[in-house]
Amino acid sequence: MSDSQSSSSRGNLRVRFAPSPTGFLHVGSARTFIFNWLYARRNGGTMILRLDDTDVERNTDASVNSIFEGLKWLGLGWDEEYKQSERGALHRRMAEAIFQRGLAYRDFTPAHTGDSEKSGAQGTWLFNPGMREMSHEESDRRAVAGEPFALRFRVPREAGQIVRFTDAVYGEQMKAGADIEDFALLRSDGMPTYHLASCADDADLRISHIIRGQDHLSNTFKHVLIFEAAGYTPPQFAHLPLLVAPDGSKLSKRRHGPVVSVTTYRDAGFLPEAFINFLCLLGWSPKDDRTKMSRQELTESFSLEGINRANAVVNFKEPATTPEETFDPKAVWLNAEFIRGLAIEDLSRQLLPIVRGAGFNVTPEKMAQITPLIRERIKLLSDVLTAADFFFVDKLPPYDPAELIPQKGDAAMALKVLQKAQAVLADVEFKHDPLDHALRAAAQELGVKAGQMFQPIRVAVCGRKNAPPLFETLEVLGKEVTLARIGEAINKAG
RNA sequence: GGCGCUAUCGUCUAGGGGUUAGGACGGAAGAUUCUCAAUCUUCAAACCCGGGUUCGAUUCCCGGUAGCGCUACCA
């Protein structure tokens, strides 16, 4: 799971990707992972994967699998791996330390069951004075008596109390303590909250840079408070602009469907290199005119200074039309670029399982012959199924005989051309040059243009007008199949 | 509502007190080719609004507007 760099050569720079396994790996998370990875690799640091699974209610194994599946596909790897749920003792120890210093207090208010008041966009809940100001004696007595309580941070809210930090992307940040609510550290069941667990782990794992989504920018004030209350210097922060849908709303599976899941891109036939490249261009720029960049180039160019501050739109089509049109056109274009850059053998090897998966029997040798004919014609790996279908099937799907009629020609011309082709092709070697010469000569004899000669043959063997170059196609198809299909076409045309 | 963040072509972005505001994707047109694709050429397309500061603002400042985020014993 890790790349070749040896861990001993790494310095103190440590970054982490900390997804919570409550859903599939989504593209925004993937980008956060990539930026962390790039930053670590660029600066010789350590990349850590930490599953932030403190929300027992919402965690699922399926989600854990989806995250690993997605990350595995990206192929970037990481150096250390942790699971937050296994570090509960550490979290509670930090909560205890903060409590001992008088910087947290018990809140015996029963937990809110519904989230009815959340939707009301109303009141500014900051703290409950009765709980915050409760005497030690009463607090201890009630705790000893077994009354459940949540542990809340005692946010310093006197006038002039300002919490501040410097964000590598958003600059100087400050907020009055009076505007920060007394957030929970421990739930009444004793489980740590995200804020506590995250800070405790970041401190314990000596994370030096927290690179994460901008949705945490406001939370960072709380985190700074926790770090300081526990006696740690906060790490450096770098918040990333969010990835949003074309309408500006947050990406969500419920609203936007599978386009937000990493595995959707994998299954649609994206190359991880292209996907990574595409994601890097959302919210980050190399500050020059490069668009297509290899992993190597990205690693060398990446810097926090190149990250910008405005949300970036993933420009997918909301109502999914064709598979390829649902994705951001730039992602598709980049993928086509990377496909064209692949060696035939490499591409052919990647295409084979897709073709076989669709139920076709194809040998690696045959696939290697077909690949050069479609490499420039497919944008997604899965396009092989529509671009090269006629190579795989025994019998062509039905097509309209009118398709056989060439430009500026008629049915009679189509028939004439096909019969001529059948005769000529019967004793010509099925190689590019001989086919070229024979068919052009035939066209001349017939008094038709080369294009008028080729088009009916193309439709006869491919079943459609748009296809790879004819001679190469016939060469791969072979004499037997070609003549059989031309024979069928003659029957249709006649 | 409170607090925070943001604002350049349709989208991703570069730039920056005086520029023909640059590139990429996508779109349009053309060249080329046996169709398609690829490739090449060309074109259309942007500084949210209002005030300041300034000789001069798209750029700096303030306000507005809009969008986003946080405001849970979710993360």
Side-chain angles (χ1 to χ4, degrees), chain A residues 18-22 52-55 57-59 107 109-112 115 117-118 120-126 148-152 167 170-171 173-176 178-181 183-195 197-198 213-222 239 241-242 244 246-250 278 281-292 308-315 328-334 336 340 373-379 387 406-407 436 439-440 443 449-455 457-459 462 464-471:
Chain A
S20 62
T22 54
D52 277 9
D53 54 352
T54 52
D55 186 357
E57 301 281 294
R58 302 198 304 154
N59 293 336
D107 182 349
T109 311
H112 285 299
D115 47 357
E117 69 180 274
K118 186 193 167 189
Q122 71 326 319
T124 46
W125 181 92
L126 289 171
F149 60 86
L151 191 70
R152 288 188 181 281
D167 188 90
Y170 290 91
Q173 302 295 315
M174 58 183 75
K175 187 167 186 169
D179 287 324
I180 303 170
E181 75 282 4
F183 54 93
L185 259 19
L186 292 177
R187 304 189 181 100
S188 45
D189 61 1
M191 286 293 285
T193 62
Y194 160 75
H195 298 303
S198 175
Q214 192 242 44
D215 47 345
H216 286 298
L217 192 61
S218 303
N219 288 330
T220 306
F221 296 104
K222 296 171 194 166
H239 287 88
L242 265 21
V244 297
D247 67 356
S249 68
K250 195 175 168 178
F278 169 67
L281 261 15
L282 296 175
W284 173 80
S285 161
K287 306 277 186 187
D288 54 36
D289 283 348
R290 285 177 298 170
T291 300
K292 186 190 171 195
N308 57 4
R309 290 173 285 277
N311 290 171
V313 172
V314 180
N315 200 14
D328 189 311
K330 195 167 207 162
V332 174
W333 172 79
L334 270 170
R340 280 177 229 127
L373 303 192
I374 59 167
R375 182 171 56 172
E376 318 227 300
R377 275 164 262 265
I378 60 175
K379 295 179 169 173
Q407 281 287 307
D436 189 335
L439 290 176
R440 281 183 199 279
K449 292 187 172 171
Q452 292 175 314
M453 181 80 205
F454 302 156
Q455 195 64 2
I457 303 173
R458 171 176 293 113
V459 174
C462 301
R464 62 183 132 87
K465 286 179 173 170
N466 300 338
L470 188 59
F471 311 131

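Nearest-nucleotide mapping onto RNA chain B: of Leu217(A) and Pro192(A), the residue sitting toward the 5' end is Leu217(A).
Taking only side-chain atoms of Glu181(A), from C-beta outward, the nucleotide of rG69(B), rU71(B), rC73(B) with the closest atom is rU71(B). Of the candidates rC70(B), rA72(B), rA24(B), rA24(B) carries the atom nearest the Lys330(A) side chain, counting heavy atoms from C-beta on. Candidate nucleotides rA72(B), rC25(B), rA75(B) were compared by shortest atom distance to the side chain of Pro329(A), and rC25(B) ranks first.
Contact annotation for Thr291(A): backbone-only contact, meaning every heavy-atom pair under 4.0 Å involves sugar-phosphate atoms and none involves a base. Nucleic acid contact class of Lys250(A) (heavy atoms, under 4.0 Å, all strands): sugar-phosphate only. In this structure, His216(A) reaches the bases: a heavy-atom distance under 4.0 Å links it to at least one base atom across the strands shown. Across all strands shown, Asn219(A) has heavy atoms under 4.0 Å from base atoms, whether or not it also approaches the sugar-phosphate. Counting any heavy atom pair closer than 4.0 Å across all strands shown, Ser198(A) reaches no nucleic acid atom. Nucleic acid contact for Pro110(A): base, since at least one base atom lies under 4.0 Å from a heavy atom of the residue. Arg58(A) comes within 4.0 angstrom of a base, heavy atoms only. Note on Gln173(A): only backbone sugar-phosphate atoms sit closer than 4.0 angstrom, heavy atoms only; bases stay farther off.
Look at rU20(B): it lacks any Watson-Crick or wobble partner with both distances under 3.5 angstrom. Shown here, rC9(B) forms no base pair; nothing in the strands shown gives a Watson-Crick or G-U wobble contact with both key distances under 3.5 Å. Nucleotide rC70(B): paired with rG2(B) (Watson-Crick or G-U wobble, both distances less than 3.5 Å). Across all strands shown, rG30(B) pairs with rC40(B); the Watson-Crick or G-U wobble distances both stay below 3.5 Å. The partner of rC48(B) is rG64(B), by the rule that a Watson-Crick or G-U pair needs both atom distances under 3.5 Å. Base pairing analysis places rA14(B) opposite nothing; no Watson-Crick or G-U wobble pair with both distances below 3.5 Å involves it. Taking a pair to require two hydrogen-bonding distances under 3.5 Å in either a Watson-Crick or a G-U wobble arrangement, rA57(B) remains unpaired.
Of the charged side-chain nitrogens involved, none lies within less than 4.0 Å of a carboxylate oxygen, so that Asp328(A) and Lys330(A) do not count as a salt-bridged pair. Between Lys222(A) and Glu181(A) a salt bridge is recorded (basic side-chain N to carboxylate O distance below 4.0 Å).
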With B for base contact, S for sugar-phosphate-only contact and - for none (protein heavy atoms under 4.0 Å), nucleotides 28-38 of chain B reads ------BBBBS
Produce the list of close N/O pairs, under 3.5 Å, pairing protein atoms with atoms of nucleotides 13-15 of chain B; give distances to one decimal.
unit_1, atom_1, unit_2, atom_2, d
rU13(B), OP1, Gly283(A), N, 2.3
rA14(B), OP1, Lys287(A), NZ, 3.4
rG15(B), OP2, Lys287(A), NZ, 3.4

Show the distances under 3.5 angstrom between N or O atoms of the protein and N or O atoms of nucleotides 47-49 of chain B.
none

For nucleotides 41-44 of chain B, which of its nitrogen or oxygen atoms have a protein nitrogen or oxygen under 3.5 Å away, and what is each distance?
none

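Under the 3.5 Å distance criterion, the side-chain polar atoms of Ser285(A) are matched with a main-chain donor or acceptor of Lys287(A). Of the possible polar contacts, none joining the Arg290(A) side chain to the Pro286(A) backbone as a donor-acceptor pair under 3.5 Å is found. Counting only distance, with no hydrogens or angles, the side chain of Gln452(A) and the backbone of Gln407(A) share a donor-acceptor pair below 3.5 Å. Of the possible donor and acceptor atoms, one in the side chain of Thr193(A) sits under 3.5 Å from a partner among the backbone N and O of Ala184(A).
Here the C1' atom of nucleotide rC70(B) and the CG atom of Leu242(A) are 11 Å apart, to the nearest Å. Remark: P of rU6(B) and CG of Asp215(A) are 15 Å apart, rounded to the nearest angstrom. Between the P atom of rA72(B) and the CH2 atom of Trp125(A) lies a distance of 7 Å, rounded to the nearest Å. The distance from atom CD1 of Ile180(A) to atom C1' of rU71(B) is 11 Å, rounded to the nearest whole Å. Taking atom OH on Tyr170(A) and atom C1' on rC5(B), their separation rounds to 7 Å, with Å as the unit. Rounding to whole angstrom units, NE2 of residue His195(A) and C1' of rU71(B) are separated by 10 Å. To the nearest angstrom, P of rA72(B) lies 13 Å from CG of Asp107(A). At whole-Å resolution of the value, CG in Asp179(A) and P in rG1(B) are 16 Å apart.
Leu470(A) is listed as a side-chain neighbour of Phe454(A), based on a closest heavy-atom distance under 4.5 Å. Between Val314(A) and Val244(A) there is no side-chain heavy-atom pair separated by less than 4.5 Å. Within the 4.5 Å cutoff, side-chain heavy atoms of Leu217(A) are placed close to those of Tyr170(A). Here the side chains of Ser20(A) and Asp53(A) are not in contact, with every heavy-atom distance at 4.5 Å or above. The closest side-chain heavy-atom distance from Trp333(A) to Thr291(A) is below 4.5 Å. By the 4.5 Å heavy-atom criterion applied to side chains, Lys465(A) and Arg458(A) are not counted as neighbours.
By the side chain to side chain donor-acceptor pair (under 3.5 Å) test, Arg375(A) pairs with no residue at all, sequence neighbours left out. Listed by chain and residue number, nothing satisfies the side chain to side chain donor-acceptor pair (under 3.5 Å) test with Asn59(A) (two or more places apart in sequence, or in another chain).
Distance noted for atom P between rU8(B) and rC47(B): 11 Å (whole Å). With both ends at atom P, the span from rG51(B) to rA57(B) equals 12 Å, rounded to whole Å. Rounded to whole Å, the P atom of rA75(B) lies 11 Å from the corresponding atom of rU71(B). For the P atoms, the distance from rA66(B) to rC55(B) is 35 Å, rounded to whole Å. Comparing the P positions of rG52(B) and rA14(B) gives an interatomic distance of 31 Å, to the nearest angstrom. Atom name C1', nucleotides rU13(B) and rU6(B): the rounded distance is 15 Å, in whole Å. Across the C1' atoms, rU33(B) and rC43(B) are found 23 Å apart, a figure rounded to whole Å. Separating the P atom of rC40(B) from that of rG26(B) is a span of 12 Å, rounded to the nearest Å.
Closest approach of Asp52(A) and Pro21(A) over heavy atoms only: O-CD, 3.6 Å. Residues Arg440(A) and Ala450(A) approach most closely at NH1-CB, 3.7 Å, considering heavy atoms.
Under the 6.0 Å cut-off for aromatic ring centres, His216(A) and Phe221(A) do not qualify, their centroids lying 6.0 Å or more apart.
Close to rA75(B), at under 4.0 Å from its OP1 or OP2, lies a side-chain N or O of Thr54(A).
Counting non-hydrogen atoms of neighbouring residues, nucleotides and ligands closer than 6.0 angstrom, the NZ atom of Lys292(A) exceeds 12 such neighbours.
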